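Predicted model only: the values in this text are computed from it and were never measured. Any value given below was found using the heavy atoms of this structure, including those in side chains, with hydrogens, waters and symmetry copies removed.
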Amino acid sequence: MLPSAADLLAWYDRHRRVLPWRVLAGERPDAYRVWASEIMLQQTTIAAVKPYYERFMARFPTVAALAAAPSEEVMQAWAGLGYYSRARNLHACAMAVVAEHGGRFPDTEEGLRSLPGIGAYTAGAVAAIAFDRPAAAVDGNVERVMTRLFAIEDLLPGARPLVRDRVLALMPHDRPGDFAQGLMDLGATICTPRNPACGLCPWREPCLARIAGTQESFPRKAKKKAGATRYGAAFVLTRTDGAVLLRTRPPKGLLGGMAEVPTSEWRADYELDGAAQDAPVVTRWRQLAPPVRHVFTHFPLELTVFAAKAPAGMQAPPGMRFTAAGRLGEEPFSSVMLKVLETAGAYGMTPKTRD
DNA sequence: TATACGTGGCC
DNA sequence: TGGCCAAGTAT
């Protein structure tokens with residue numbers, strides 16, 4: 001028995017998930033909303049995205065509204081979601097859609113692919129979901145489903161073209177958008193990484209991995225090695241009027257464009273003894289404990305927090321600013337920076353309560 | 001092809 | 001606790 005799109009679509013019609021960015025069955029969704037949700041969902045869980053998506057749509061209801069917004073406002077709306085280059089590209093993409101496409105998203109995979117922040121997956125997903133094009137949207141869910149279904153032994157990401165070919169071969173001529181979403185829903189709810197619910201799967205009979213009993217060993221992928229811990233010092237300078245000394249990180253690279261208190265470099269061999277030389281001003285710094293620990297995708301970070309007071313009239317050093325206590329909520333702080341500020345008692349909001 | 005790029009939840 | 005994982009993209 002071979003897998004068929006009809007079996008998946010029948011399952012999808014009964015079990016499709018209700019999601020904020022998903023319209024009712026049979027309705028054509030707004031490309032802007034589909035696109036925004038796809039960008040947010042890159043490497044990010046639905047639970048994390050939901051509150052951001054709702055706020056984002058209320059704040060920027062149309063692609064024109066997003067394009068017209070200041071970049072600081074976009075970064076602030078994204079703060080806490082991670083992978084901040086997504087926010088920069090999102091903004092650039094909105095401006096390109098307005099300036100080069102008359103405010104409407106291209107309705108082809110190729111047209112979408114040429115926009116900033118839209119790669120192979122997102123181009124396929126938007127083309128399929130928003131425009132019902134027969135495009136393959138190969139994400140982690142689809143990779144898992146297809147490598148199991150066909151027992152594809154090749155390592156990812158090398159096997160991706162093969163997965164894509166399999167998806168295109170199964171693609172129905174009608175309802176390609178539902179097929180794309182059904183594939184993802186199946187991966188997210190049935191064909192899960194651990195303990196897949198094979199008994200409930202519409203493709204349980206043709207699934208080669210299930211037949212062999214090896215479903216959990218797919219997809220095959222190379223192990224990636226963890227980076228070495230980096231260390232550094234963070235300096236929280238609070239004026240007596242409550243304002244905190246801040247700066248903005250360079251637009252590209254780690255936490256690009258996000259707000260932070262001044263810090264030393266973050267290095268594996270950082271020596272805390274010389275931390276005073278990295279401070280933004282010469283004053284009496286108090287070392288706080290314990291240090292802030294944070295884990296990025298490619299390395300763990302340990303920041304020792306130093307705090308000091310400054311007179312109310314103090315001016316910020318070049319390239320830095322004092323932000324009033326009442327306006328800290330408007331700054332685009334990353335989660336690691338919120339931990340630093342909380343350690344210093346300069347900000348009462350933890351990452352978890354940011355919503 | 002390999003690496004940089006966040007964050008929070010789960011076991 | 002530590003490694004893995006979540007609707008990837010850019011370089």
Solution key, residues 153-160 of chain A side-chain donor-acceptor pairs under 3.5 Å, sequence neighbours excluded:
unit_1    : atom_1 : unit_2    : atom_2 : d
Glu153(A) : OE1    : Arg220(A) : NE     : 2.9
Glu153(A) : OE1    : Arg220(A) : NH2    : 2.4
Glu153(A) : OE2    : Arg220(A) : NH2    : 3.4
Arg160(A) : NE     : Glu143(A) : OE2    : 2.6
Arg160(A) : NH2    : Glu143(A) : OE2    : 3.2

| query | In whole angstrom, what separates Arg88(A)'s CZ from dG6(B)'s P? | reply | 12 Å

| Given atom CZ of Arg86(A) and atom P of dT7(B), what is their separation to the nearest angstrom? | 10 Å

| request: Compute whether any side-chain donor of one residue and acceptor of the other, for Tyr121(A) and Glu38(A), lie under 3.5 angstrom apart. | output: yes

| query | If you measure from the C1' atom in dC5(B) to the same atom in dA6(C), how many Å do you get, rounded? | reply | 15 Å

| request: For each nucleotide in nucleotides 5-11 of chain C, reading 5' to 3', give B when a protein heavy atom comes within less than 4.0 Å of its base, S when such contact involves only the sugar-phosphate, and - otherwise. | output: SBBBSS-

| Spacing of the C1' atoms in dA7(C) and dA2(B) (rounded, Å) | 23 Å

| note | Contacts satisfying ring pair (Phe, Tyr, Trp, His ring centres under 6.0 Å) that involve residues 216-273 of chain A (not counting sequence neighbours) are Phe235(A)-Trp285(A), Phe235(A)-Phe306(A)

| dT3(B) and dC4(C): how far apart are their P atoms, nearest whole angstrom? | 15 Å

| Whole Å only: how far is the NE2 atom of His294(A) from the P atom of dG2(C)? | 16 Å

| Gap between atoms CE and P, on Met258(A) and dG6(B) respectively (whole Å) | 9 Å

| Interatomic distance where NE2 belongs to His298(A) and P belongs to dC5(B) [whole Å] | 4 Å

| So what does Val295(A) hit on the nucleic acid, given a heavy-atom distance under 4.0 Å: a base, only sugar-phosphate, or nothing? | base

| Whole Å only: how far is the NZ atom of Lys339(A) from the P atom of dG6(B)? | 14 Å

| Pair Phe299(A) and Phe296(A), ring centroids less than 6.0 Å apart | yes

| said: Check whether His91(A) reaches the backbone of Ala69(A) with its side chain - one donor and one acceptor, N or O, closer than 3.5 Å. | reply: yes

| Mind checking the P distance from dT9(C) to dG8(B)? Whole angstroms is fine. | 22 Å

| Whole-Å distance between dT3(B) C1' and Leu254(A) CG? | 13 Å

